[in-house]
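The sequence lines fix the lettering, A, B, ..., with proteins before strands; numbering per chain opens at 1.
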There are 2 protein chains.
Amino acid sequence: MLKLSKKVEYGLIAIRHIASLGNQISTVKEIAERYNIPNELLAKVMQKLAKGKVIYSYQGSLGGYTLARAADQISIMDVIHVIEGTQPAIAECLGKIEHTCSVYDNCTIKNPLEKIQYNLEQVFSSMKVSEIV
Amino acid sequence: MLKLSKKVEYGLIAIRHIASLGNQISTVKEIAERYNIPNELLAKVMQKLAKGKVIYSYQGSLGGYTLARAADQISIMDVIHVIEGTQPAIAECLGKIEHTCSVYDNCTIKNPLEKIQYNLEQVFSSMKVSEIV
DNA sequence: AACATATCCGACTGGAAAAGTCCTATTTAT
DNA sequence: ATAAATAGGACTTTTCCAGTCGGATATGTT
Ligand code: SF4
Ligand code: SF4
């Protein structure tokens, strides 16, 4: 509960890695070995980050990844959002149209939770990758 | 990911309910029906909250629960902590002694995540149940 | 042209955690 | 005695996440 997913952690580690090397092109294999991360899983993460324009990808041999923008322009929130595919929500009903929660109609904490949600977003948005290098 | 558990939500709803009724004694049945929450599950939650001294329990017929202290003295964090049994951690390695994460030794984001963790704790601790009544 | 080394991407599996259920014991007002 | 409530262990079901596998595509090197 309230835990970041491994994917996000791996993504952050990878981005930090590339940044710390002066945005040199880096491969999945290199990063996975360096940090003891499952290769295939990290590969997926990098693909998502590339699709989300957080990093650039270079195919073929000598290929790899570089950051798409400066480390102080990438927030933790960006990484979460791109990897998870959605804005992180503290409750399943927040930010969705279809409401599957049985409590929904009588729920008295929706609005307060939205306020908390906003505060959490602030925390994640204000922290940039540059601060973890 | 980053979602509150249903248990915590149910707990918050129940506490808010009791508070909104001027700390009148309330039963699980009454609350579960009112908000369409599974009875047995809410019962478990209330038992934990009672054990954690957030609410008082009264057994026997005419029994039920009341708050153990004023609503502005109960933080969201209290509720999370008591129901989950542990301090919520944003990463599995934070606040534990045994480290099961394969990355641990080479992890470069542990410390930054601790900072985020601290900020999140602030958010949850500063918000009191009285603010959601 | 052949090869090696990369990224790309969908499908799949296994396991852990969350959500919910069931059953029985105990307490207490009437 | 009975009814209505909490107490609490054991269990099942569901959902989500981490990790794996297989094969396609791109590209530099020889
Ligand atoms: S409706 Fe209330 S209980 Fe259901 S998810 Fe939204 S906030 Fe949580
Ligand atoms: S070690 Fe690094 S990766 Fe592993 S859990 Fe702690 S923070 Fe996440």
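- Comparing D:dA4, D:dA18, D:dG8 against the side chain of A:L41 picks out D:dA18 as the nearest.
- The CD1-C1' distance, from A:I37 to D:dT20, rounds to 16 Å in whole Å.
- When distances are taken from the side chain of A:Y65 to each of C:dA6, C:dA19, C:dC8, the shortest belongs to C:dC8.
- Distance, A:I31 CD1 to C:dT5 P: 18 Å, rounded to whole Å.
- Mapping A:L62 and B:A50 onto DNA chain D by nearest heavy atom places B:A50 closer to the 5' end of the strand.
- Looking at heavy atoms from C-beta onward, B:V123 lies out of side-chain contact with A:Q122 at the 4.5 angstrom threshold.
- Rounding to whole angstrom units, CD of residue B:E84 and P of C:dA18 are separated by 7 Å.
- Closest-nucleotide positions on DNA chain D for A:L4 and A:Y58 were compared, and the one nearer the 5' end corresponds to A:L4.
- For A:E40, taking side-chain heavy atoms from C-beta onward, the closest of the listed nucleotides D:dC21, C:dA18, C:dT28 is D:dC21.
- When rounded to the nearest whole Å, the span between OH of B:Y56 and C1' of D:dA7 equals 19 Å.
- Using a 4.0 Å cut-off between charged nitrogen and carboxylate oxygen, A:E131 and A:K128 do not count as a salt-bridge pair.
- Between B:Y10 and B:I31, every side-chain heavy-atom pair lies at or beyond the 4.5 Å cut-off.
- Distances were taken from every side-chain heavy atom of B:S57 (C-beta onward) to each of D:dA4, C:dT7, D:dT6; the shortest belongs to D:dT6.
- What separates CD1 of B:I25 from P of C:dT27 is a distance of 17 Å, to the nearest Å.
- A:H81 is not listed as a side-chain neighbour of A:D78, based on a closest heavy-atom distance of 4.5 Å or more.
- Considering only side-chain atoms of B:K6, the nucleotide from D:dA5, C:dA4, C:dA19 that sits closest is C:dA19.
- Of all nucleotides listed (C:dT7, D:dA3, D:dA7), D:dA7 comes nearest to the side chain of B:Q59.
- If you measure from atom NZ of A:K7 to atom P of D:dT20, you get 13 Å, rounded to the nearest angstrom.
- Here the P atom of nucleotide D:dT25 and the CD atom of A:Q47 are 15 Å apart, to the nearest Å.
- Candidate nucleotides C:dA6, D:dG19, D:dA7 were compared by shortest atom distance to the side chain of A:Y10, and D:dG19 ranks first.
- Which of D:dT29, C:dG20, D:dT6 sits closest to the side chain of B:V28 comes down to D:dT6.
- With hydrogens and angles ignored, a donor-acceptor pair closer than 3.5 Å exists between the side chain of B:K44 and the base of D:dG9.
- Judged by distance alone, the side chain of B:E9 and the main-chain N or O of B:L4 form no donor-acceptor pair under 3.5 Å.
- Nucleic acid contact class of A:M1 (heavy atoms, under 4.0 Å, all strands): sugar-phosphate only.
- Not a single donor-acceptor pair, N or O on each side, falls under 3.5 Å between the base of D:dG8 and the side chain of B:K51.
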